[in-house]
Amino acid sequence: MAKNSGPRMRPDFGSFAGLMVALAGIMGGLLLEGGNIDDVTQATGAIIVLGGTIGAVMVTSPTAALVGAVRSLRLVFFQRAYDARKLVDDVLTFATRARRNGIVSLESDVDRIPDPFLRKALGLAVDGTDVQDLQQIMHLEIDADERRSKTEARVFDAAGGYAPTVGIIGAVLGLIQVMKHLDQIEMVGHGIAVAFVATIYGVGSANILFLPAAAKLRARAEEASRMKELMLDGVTSIVQGLHPKMIEQRLEPYLVEIGQPTTKARARAIREEAA
């Protein structure tokens, strides 16, 4: 098994589908009301909303958080393909070997572990780190990752808060231009309609993109933390010298929580397939 940076990424079709459904619903409602797509396609409104929102977020957020949020945007549409069942099986393999030959015998396996968190935790265990110290070190890493993820999610929360207000600013700017041409009364209605497109962009981007993106990033962070807790629990169990069967029972609640097959469920599926 070659060393790499961890789980591969795969598309999150739920995010893509959700965005398309939201846009289709809004546009479909517009068409049913007798409107047309051109009514809500306005470059100036988009520039005002996006430019104003991005500028406000840049003022609000530290540079590191802003850069991290931009990088984490891919996690809204792509997710890490964790295989918790295989992870548990790997931990049980390590535990069996450690009970048979001692935990030091796992030293040659550490560098081949793909996940950096598990690699670090098992490396500390092989080096003879005390269980409490091991847990403290790795929990500090989990907490740091959680805080970073939450900070990045707050950047999108901030964008979701600013966008509607910037949209109102865009509408007011449009109305100012309308008021300049009250002598052309036939153009007033059209101008007012165009002015409010910025408000649609602001409210729409906040509730379809920015706020959902923040929620999705928090969900991703919770998933990653749960997987790291599973890894840490498995490694500490190995250090404590628990029997592999006991470790399996200890780790199976994680599988139940994330919806992956437990040992009993997998055995039942194998029996049903054989029948």
Side-chain angles (χ1 to χ4, degrees), residues 5-23 25-26 45-82 115-117 120 135-172 198-232 254 257-259:
S5 59
R8 61 183 179 84
M9 302 295 290
R10 66 184 180 191
D12 184 346
F13 296 107
S15 293
F16 287 107
L19 190 59
M20 288 188 291
V21 168
L23 293 175
I26 293 172
I47 292 172
I48 291 172
V49 171
L50 293 179
T53 300
I54 292 173
V57 170
M58 291 176 67
V59 173
T60 302
S61 306
T63 302
L66 190 62
V67 173
V70 173
R71 290 176 177 172
S72 67
L73 184 59
R74 68 191 178 104
L75 294 178
V76 176
F77 299 100
F78 295 87
Q79 58 185 337
R80 293 185 176 91
Y82 292 111
D115 190 282
F117 185 89
K120 180 178 179 179
Q135 290 178 326
Q136 183 178 15
I137 292 170
M138 301 313 296
H139 273 300
L140 285 173
E141 183 167 330
I142 293 174
D143 292 342
D145 288 341
E146 284 185 347
R147 286 194 298 271
R148 185 184 67 252
S149 296
K150 290 178 179 178
T151 299
E152 293 168 356
R154 282 196 293 270
V155 172
F156 291 99
D157 280 327
Y162 292 132
T165 304
V166 176
I168 294 174
I169 293 174
V172 172
T199 303
I200 295 174
Y201 286 169
V203 176
S205 62
N207 291 280
I208 296 176
L209 179 60
F210 296 134
L211 296 179
K216 181 58 71 73
L217 290 179
R218 281 191 286 269
R220 293 278 191 260
E222 291 176 3
E223 180 186 22
S225 295
R226 179 53 56 189
M227 292 300 300
K228 290 174 182 177
E229 291 284 356
L230 187 159
M231 298 176 200
L232 179 57
Y254 292 100
E257 181 178 355
I258 62 180

All N/O donor-acceptor pairs, side-chain side in residues 47-70, below 3.5 Å, sequence neighbours left out:
{"unit_1": "T53", "atom_1": "OG1", "unit_2": "V49", "atom_2": "O", "d": "2.7"}
{"unit_1": "T60", "atom_1": "OG1", "unit_2": "A56", "atom_2": "O", "d": "2.9"}
{"unit_1": "T60", "atom_1": "OG1", "unit_2": "Y162", "atom_2": "OH", "d": "2.7"}
{"unit_1": "S61", "atom_1": "OG", "unit_2": "V57", "atom_2": "O", "d": "3.2"}

According to salt bridge (Lys or Arg N to Asp or Glu O under 4.0 Å), who are the partners of [X], at least two apart in sequence or on a separate chain?
X	answer
E223	none
R218	D157
R226	E257

For [X], what residues pass the side-chain hydrogen bond (donor to acceptor under 3.5 Å, both in side chains) criterion, not counting sequence neighbours?
X	answer
S72	none
E141	K120
E222	none

Calculate, to the nearest 0.5 Å, the distance between atoms CG and CG belonging to L23 and L209 respectively.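 It comes to 9.5 Å.
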
Interatomic spacing from CZ in F13 to CZ in F77 - rounded to 0.5 Å: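 The CZ atom of F77 is 13.5 Å from CZ of F13, to the nearest 0.5 Å.
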
Pair M9, Q79 - check side-chain contact (heavy atoms from CB on, under 4.5 Å), show working. CA-CA 5 Å; M9 302 295 290; Q79 58 185 337; 5.7 Å; no

Can you tell me which residue pairs pass the salt bridge (Lys or Arg N to Asp or Glu O under 4.0 Å) test with a partner in residues 52-65, sequence neighbours excluded?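 Applying salt bridge (Lys or Arg N to Asp or Glu O under 4.0 Å) to every pair that reaches into residues 52-65, excluding sequence neighbours, yields nothing.
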
Do any pairs count as a salt bridge (Lys or Arg N to Asp or Glu O under 4.0 Å) and have a residue in residues 48-68, sequence neighbours left out, and if so which ones?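 Counting only pairs at least two positions apart or across chains, no salt bridge (Lys or Arg N to Asp or Glu O under 4.0 Å) contact touches residues 48-68.
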
How would you list all residue pairs meeting side chain to side chain donor-acceptor pair (under 3.5 Å) that involve residues 204-216, not counting sequence neighbours?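 Passing the test, one end in residues 204-216: D12-K216, S15-K216.
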
Who passes side chain to side chain contact (heavy atoms under 4.5 Å, CB included) against P164, sequence neighbours left out?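 Partners of P164 under the side chain to side chain contact (heavy atoms under 4.5 Å, CB included) test: V203, A206.
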
Any residue meeting side chain to side chain contact (heavy atoms under 4.5 Å, CB included) with K228, in chain and number order, not counting sequence neighbours: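 For K228 the side chain to side chain contact (heavy atoms under 4.5 Å, CB included) partners, ignoring immediate neighbours, are F117, I142, D145.
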
Applying the side chain to side chain contact (heavy atoms under 4.5 Å, CB included) criterion to K150, which one of R148, E152, R154 satisfies it?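 With K150 as partner, side chain to side chain contact (heavy atoms under 4.5 Å, CB included) holds for just one option, R154.
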
Would F156 and V76 count as a side-chain contact (heavy atoms from CB on, under 4.5 Å) if you check the C-alpha gap in whole Å, the side-chain angles of each, and the deciding distance to 0.1 Å? CA-CA 11 Å; F156 291 99; V76 176; 5.8 Å; no

Under the criterion side-chain contact (heavy atoms from CB on, under 4.5 Å), I'd like the reasoning laid out for I26 against I208: C-alpha separation, chi angles, the key distance, then a yes or no. CA-CA 11 Å; I26 293 172; I208 296 176; 3.3 Å; yes

